[in-house]
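Below is one structure, written out as structure tokens; the observations come after it.
Here is how names work: the chains are called A, B, and so on, in the same order as the sequence lines, proteins then strands, and each is numbered from 1.
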Amino acid sequence: MPNPDTQKTPETADTRPSNFIRDIIAGHMDAQRFGGKVHTRFPPEPNGYLHIGHAKSIAVNFETAADYGGKCNLRFDDTNPIKEEQEYIDAIIQDIRWLGYDWEDRLFYASDYFDQLYEWAVQLVKQGKAYVDHLSPEEIREYRGTLTEPGKDSPYRNRSVEENLDLLERMRKGEFKEGECVLRAKIDMESPNINLRDPVMYRILHAAHHRTGDKWCIYPTYDWAHGQSDSIEGITHSICTLEFEDHRPLYDWYLNQLGVHHPQQIEFARLNLSYTVLSKRKLIRLVQEGRVAGWDDPRMPTISGMRRRGYPPAAIRTFANHVGVTKTNTVIELQLLEYFIRQHLNLHALRKMAVLKPLRVVIENYPEDQVEEMDAINNPEDEAAGTRKVPFSRVLYIEQDDFMEDPPKKFYRLAPGREVRLRNAYFVTCTDVIKDEDGNVVELRCTYDPATRGGDSPDGRKVKATLHWVSAAHALEAEVRLYDTLFTKENPNETGEGEDFTDFINPESLVVLEKCYIEPSLAGAEPGSRFQFERQGYFCVDPDSRDEKLVFNRTVPLKDTWAKLKKKQNK
RNA sequence: UGGGAGAUAGUUUAAUCGGCAGAACAGUGGACUUUGGAUCCAUCGGUCCUGGUUCGAGUCCAGGUCUCCCAGCCA
């Protein structure tokens, strides 16, 4: 977990918390297992976009290897041509690069190994360890037994090696229809571990593969492909998630039968985040049902969504390195992720003033056509960021929330007769409140104290609040998109009878503010650039942004003690 | 009710051979402040249960409880 001495600096092997995987590897290093080498891989299936859960897995694989002087491969587990697409491959590559990881020239595909896999399958048949089964899919399921009852042998289980060899060859040549037969490993139909009840190695799929085209009509299953691919690549530690724990005996069995390089599979708990869903099935539904605008909707927990939202890759990495790597099923609080996002942005984001819900203010004693250029600090956390000029004039906008006609206790912003500081400018006092016929406050009249230029009073007078503002004549209009959690329920995966996780979608997860006013120095801000709008939060320029109208996404709000107080008072 | 895995503050975790249960996030209170931000200080709070071994148990032993995963020709 976070070490107070290192929170502000990038982690190194020395400061990053250890975990049980590192302990295992350290043991292997001491024992000279694998010749003192570490080589891992990140093996996504190209059938969806990467999300924050993958970021953890990516970090574990790439950083663990790097810390022991080893390498990490990127390998697409593309054994199912029906679900996989090039679009996903491209997106995954882009996302991992963006996160800052490099597999150099080691980009591989399980489909690179289809020939070798087939040769090995022939070898297993010759060893009498695999057979072609003509049971139908339904029959296979029946013969498999249940969790509590053993399975029974297929009537085809004892075909001769010659017959199996012939049948397998004919499967490969396309002489059978889909579902007509499969190649199965001959292990033990009575095993208490269902994965060992003669698992399927090859199934017939008359489908074109995005890389091998029509070369194959039989495709290896995950179990048959994965360990062997690891072996071919010289992987030492095959790190995967908990649900594969039951598969490890099978992983080991194949490698032992083949007598080839045998990596160690290690399982750890996948990441779960509160108020979000991370299953591929659910994420793809959100996209396909139009519940979000796409894979990169800023509300999505996808890497592309987070990129668009404004999460810095370094902060995601820090997060991924600080969540525990254990075998315990856990749900990380979203607040922890946001903590690391704020921590990074606080140090690096330039400060700007932006008024999201404008309230017009006229400074009555300020000369009509005067404009002053006020000096403003770009980042109090980073002196090198310098200063900028912000125009001040007679008519300004401030935030609606920064004024209350009848302020409760502890509200120390602007109110009738009260004096506050305008950031980087002057002290102003509210002298009059102008309302429309419905009684809504539409404009404030104020006076300013010319002696307080820059924000300090020569007589030592103190004010309790500092407000942000923009000059009406100089402000740029912008659209600001505010985001909240996509779900209102802490664990949207937990559904009762007749409920669906989409029932918990937060109707206020996106609120668009069309007419915001931002300071003129924001003109021409590039999509993807990140700023702090003072007193409000961190914002990122959206790709939809145009010169005429900038569009910002709120990445994460600043901590808001007043909002918290208000909430408590309302209770 | 088969097999596999897990259980330490609200959350995520640390604890060498059995030797003072330590952090972070969240919460609370305060200091400071030209962001009710940041920072700083303080504070709250924990070993799933029942026994046993031991001078001493989160750790070892016995029994129990609860949670997660597995019956795709998905990964």
Looking at the base of [N], is there any donor atom on it, or on the side chain of [X], that sits under 3.5 Å from an acceptor on the other one?
X      : N     : result
A/E333 : B/G10 : yes
A/H247 : B/A75 : yes
A/R413 : B/G36 : yes
A/E381 : B/G37 : yes
A/D246 : B/G3  : yes

Is [X] near enough to [N] that one of its side-chain N or O atoms lies under 4.0 angstrom from OP1 or OP2?
X      : N     : answer
A/T146 : B/G2  : no
A/K152 : B/A71 : no
A/K559 : B/A26 : yes
A/R351 : B/U35 : no
A/R270 : B/C68 : no
A/T148 : B/U1  : no
A/R248 : B/C69 : no
A/T328 : B/C68 : no
A/K564 : B/G27 : yes
A/Y222 : B/C74 : no

Problem set entry | Sub-6.0 Å ring centroid separation between A/Y426 and A/F392 | yes
Problem set entry | A/F552 ring center within less than 6.0 Å of A/F533 ring center | yes
Consider the side chain of [X], meaning its heavy atoms from C-beta on, and name the nucleotide among [options] that approaches it most closely.
X      : options             : value
A/I332 : B/U12, B/C25, B/U35 : B/U12
A/V200 : B/G36, B/C73, B/G29 : B/C73
A/R144 : B/U35, B/G72, B/C25 : B/G72
A/F244 : B/C25, B/A75, B/G6  : B/A75
A/E45  : B/A75, B/C73, B/G37 : B/A75
A/L147 : B/A5, B/C73, B/G2   : B/G2
A/N346 : B/A38, B/A75, B/G36 : B/A38
A/P380 : B/C73, B/G6, B/U35  : B/U35
A/Y339 : B/C25, B/C69, B/G3  : B/C25
A/E534 : B/U35, B/C25, B/C73 : B/U35

Does [X] reach a base, just sugar-phosphate, or nothing at all? Heavy atoms under 4.0 Å.
X      : answer
A/L565 : base
A/S191 : nothing
A/T326 : sugar-phosphate

Could you tell me how far [M] sits from [N] if I compare only their [atom1] atoms? Round to whole Å.
N     : M     : atom1 : answer
B/U16 : B/G37 : P     : 39 Å
B/C68 : B/C73 : C1'   : 27 Å
B/G3  : B/U43 : C1'   : 47 Å

For this session: Go through the side-chain N and O atoms of A/N80 and A/E45 and say whether any donor and acceptor fall under 3.5 Å apart.
Result: no
Exercise. Do A/Y49 and A/E87 have side-chain atoms, one donor and one acceptor, less than 3.5 Å apart?
Worked result: yes
Exercise. Do A/W216 side-chain atoms and A/R172 backbone N/O form a donor-acceptor pair below 3.5 Å?
Worked result: no
Exercise. Is the side chain of A/K564 donor-acceptor paired with the backbone N or O of A/K559 at a distance under 3.5 Å, no angle test?
Worked result: no
Exercise. Looking at A/Y109, is A/R211 sitting on its ring face, NZ or CZ under 6.0 Å from the six-membered ring centre and within 45 degrees of the normal?
Worked result: yes
Seminar exercise, completed: Taking for A/G145 and for A/D223 the nucleotide of RNA chain B with the nearest heavy atom, the one nearer the 5' end belongs to A/G145
For this session: Return the 5'-most residue of the pair A/N379, A/E149 with respect to RNA chain B, ranking by each residue's nearest nucleotide.
Result: A/E149
Problem set entry | For RNA chain B, the dot-bracket pattern of Watson-Crick and G-U pairs whose distances stay under 3.5 Å, | for other-strand partners | .((((((..((((.....[..)))).(((((.......)))))....(((((..]....))))))))))).....
Problem set entry | Conformer about C1'-N of B/G51 - syn within 90° of 0, anti elsewhere | anti
Exercise. What is the glycosidic conformation of B/C69: syn, defined as within 90° of 0, or anti?
Worked result: anti
Exercise. ring-ring contact (aromatic ring centres under 6.0 Å, His included) with A/Y143: which residues, sequence neighbours excluded?
Worked result: none
For this session: Just jot down the ring-ring contact (aromatic ring centres under 6.0 Å, His included) partners of A/F42, sequence neighbours excluded, or say none.
Result: none
Exercise. Between A/H344 and A/H348, how do the two ring planes meet: parallel, tilted or perpendicular, split at 30° and 60°?
Worked result: tilted
